[in-house]
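Some notes on the structure that comes next.
For this chain, numbers begin at 1 and follow the sequence in order.
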Amino acid sequence: MRCRFDSWLKKVPGDGDCGAIYHRWDETRGKGKEGYEGHAPLQNACKAPGLWNHIDIDFKAPTFDASGKKITNARFNKVVLNGVTIHENIELLGVTRGAIFPEEGTKGPILIQGDHGQVAFKNIRYEVFDKPLATFSPVTFDYFEGKLADLKTDKLKPVKSGKSDKPTMKLAEAKSDFLIRFQGKITASEADNYLFTTNWTGTGALIVDGDTITKGSHWYSESVKGSKNLSAGEHTYTLIYAKDFSWGPKGLGLFIERVGSWKQNITERTSLPEPEPTPLVEVKVSDETMLQRSFVMFGKKKITHAINVGMPNGLNFSYNLNQGGFLQIWRGAFLDATEMWYERGEPQIGQAMGAAVTMNNKFPLVYAMDNNGVFPDSSADLQYKGYRLEKKTASNGNVASYPVFMYAYKGVNVKDQETPLDSGEGIKRQLSVEGESTGKLYALLAEGSKIEDAGGNRFNVDGQIYVQTFPSETNKPFIRDNNGRKQLVTLVEGKEITYHLIF
């Protein structure tokens, strides 16, 4: 993977930018044509200099026969940068430029090149899938007909019995109202903890050496997992599958894996249908700000009164209207609304399409804060008053409208407006207060596990985002502890406070 230059804010990344698969190099191709077969990331998902990027790489090395002839090409199965898929199923025909070896091989070291400026790495982890695989015997099967979702067949005689190389739902002749039971043996190559994954449309169970590993009613696209410690050697398993409804396709899958090995399919390959393709329903932003109401997941909690705001320059955020707080901010494509519109659209969830930074979901203002002060939530003293759109003119002359969120809080009216910085580096947040305050008013600018002063009135929050402040000579932000967390707080002077979120 490539991160040769600072790629932050670059609209169209190339094959030398952050997350790219670098090109191959051949000087015999002629001047200006030496580089070829490079792969730029699908979108620019890198963060500002000084913030940490996180990358996951799923790579499969080329394979060779006994004579050294290449059988399969190397492949990047998937590359995810800061939560965004930037490559998928990319096949490589040869070594890329800067490789440590001139020819391809099955293994090699991790190479870090650092000759284009300061760069830092941490938490490098890898897993090699080279452990021996398990083997499986042919199976016997018994096929029953009837509504047997309880999986009980003690008093029934099978309609058909026989043998098969592998378990497969194709041996179930009926479309519904049947049960098929497979029995076979697994030979574990080494003692280890093995993970089993089952899929079925209907009801099923997996039993290994007398222990129930998975059981229940599911749709075939749901993967149900269970694990068991197996000694080296032979083990028995029983796989039961029943379907007592006519709608939906038949489907049966059983897989086994362990740390350091690929997932193996115990069932016949076509026994489990391919997942149904889900079309992307994308909300795009053009020359005007786009506002899209939806539910938004904040950790494991579904926020129901959320709004997603996409601004024309590619800066976006999700906001909790009840709470008056940011849920997430991101740069790039706007919103994946598939779960709002596909089929029944029951989840009603909108998802960020860029590298999202999770925020704290808190209203930023509080009165009379002390060391044990608690910032308010939507159930206390805060009343949402709606929002309106206001036009703003950027330094380049472009005019666009941006929302102003309005709240009543302890006798004052608060306006909260977010606009993009002209530089494109992040979002400007401006809070204004109307009415007479009843005491000192403080603003919570950021919260995290670690907040560091990065110089120039800029603070680094968890290595994920910068908060740019604009203090006066007598009033500067300070970092405090609160229930094991760090908070960046400042006293609000006058009727307004402004700060920038840079990412």
Backbone N or O of [Y] within a donor-acceptor pair of the [X] side chain at under 3.5 Å?
X      : Y      : answer
Asn44  : Cys46  : yes
Gln348 : Thr304 : no
Thr289 : Ser401 : yes
Ser271 : Leu252 : yes
Asp336 : Gln351 : no
Asn308 : Gln292 : yes
Asn460 : Glu452 : no
Lys243 : Gly248 : yes
Asn475 : Leu491 : yes
Thr197 : Phe255 : no

At what distance, to the nearest 0.5 angstrom, does [atom1] of [X] lie from [atom2] of [Y]?
X      : Y      : atom1 : atom2 : answer
Asn320 : Asn361 : CG    : CG    : 4.5 Å
Cys18  : Lys10  : SG    : NZ    : 11.5 Å
Gln383 : Asp381 : CD    : CG    : 11.0 Å
Thr238 : Leu206 : OG1   : CG    : 8.5 Å
Arg258 : Tyr194 : CZ    : OH    : 4.0 Å
Leu51  : Ile465 : CG    : CD1   : 8.0 Å

Margin query: If you apply the rule side chain to side chain donor-acceptor pair (under 3.5 Å), what do you find for Glu268 with Thr270, and how did you get there?
Written below: CA-CA 6 Å; Glu268 189 264 331; Thr270 59; 2.6 Å; yes

Measuring centre to centre across the rings, with the benzene-like ring taken for any Trp, is [X] within less than 6.0 Å of [Y]?
X      : Y      : result
Tyr466 : Phe503 : no
Phe363 : Tyr409 : yes
Tyr241 : Phe178 : yes

Around atom [atom1] of [X], are there more than 12 heavy atoms of other residues, nucleotides or ligands at under 6.0 Å?
X      : atom1 : value
Glu127 : CD    : yes
Lys476 : NZ    : no
Phe121 : CZ    : yes
Trp262 : CH2   : yes
Asp211 : CG    : yes
Lys78  : NZ    : no
Lys450 : NZ    : no
Lys385 : NZ    : no

Check your understanding: Can you check side chain to side chain contact (heavy atoms under 4.5 Å, CB included) on Leu501 and Phe326, steps first, answer last?
Key -> CA-CA 11 Å; Leu501 301 171; Phe326 283 120; 3.6 Å; yes

Kindly indicate whether the side chain of [X], heavy atoms from C-beta on, has any atom under 4.5 Å from the side chain of [Y].
X      : Y      : result
Asn360 : Leu444 : yes
Phe317 : Met359 : no
Glu257 : Phe196 : no
Met406 : Asp416 : no
Leu9   : Glu425 : yes
Phe295 : Pro347 : no
Ile307 : Ser318 : no
Trp52  : Lys47  : no

(message) side chain to side chain contact (heavy atoms under 4.5 Å, CB included) for Ile240 and Ile207? Distances and angles first, verdict last.
(response) CA-CA 9 Å; Ile240 307 171; Ile207 300 138; 4.3 Å; yes

Worksheet item: Looking at Lys362 and Glu447, does any basic side-chain N land under 4.0 Å from a carboxylate oxygen?
Response: yes

Quiz prompt | Criterion side chain to side chain contact (heavy atoms under 4.5 Å, CB included) on Val79 and Ile55, from CA distance to verdict | solution = CA-CA 7 Å; Val79 180; Ile55 192 166; 3.9 Å; yes

Check [X] against [Y] and note the closest heavy-atom contact, atom names and distance.
X      : Y      : result
Leu365 : Val433 : CD1-CG2, 4.2 Å
Val492 : Tyr442 : CG2-C, 4.0 Å
Lys225 : Lys263 : NZ-NZ, 4.3 Å
Met340 : Ser294 : SD-CB, 3.5 Å
Ala394 : Asp422 : CB-OD1, 3.7 Å
Trp341 : Val281 : CD1-CG1, 3.9 Å

Can a donor-acceptor pair be found between the side chains of [X] and [Y] at a distance below 3.5 Å?
X      : Y      : value
Thr358 : Gln328 : no
Gln417 : Gln430 : no
Ser223 : Asn199 : yes
Thr203 : Ser217 : yes

Q.
Which residue is it: Asn82, Val80, Asn123, Leu81? I am looking for the one with a side-chain contact (heavy atoms from CB on, under 4.5 Å) to His54.
A.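 Only match with His54 under side-chain contact (heavy atoms from CB on, under 4.5 Å): Asn82.
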
Only one of Trp247, Phe245, Trp200 passes ring-ring contact (aromatic ring centres under 6.0 Å, His included) with Trp219, and that residue is Trp247

With Tyr387 as partner, the option from Phe405, Tyr402, Tyr407, Tyr319 fulfilling ring-ring contact (aromatic ring centres under 6.0 Å, His included) is Phe405

Quiz item: Regarding Lys302 and the six-membered ring of Phe298, is the cationic atom NZ or CZ under 6.0 Å from the ring centre and inside 45° of its axis?
Solution: no

Next item on the list: List the steps, then state whether side chain to side chain contact (heavy atoms under 4.5 Å, CB included) holds for Ile497 with Leu445.
Entry: CA-CA 10 Å; Ile497 184 170; Leu445 306 182; 4.2 Å; yes

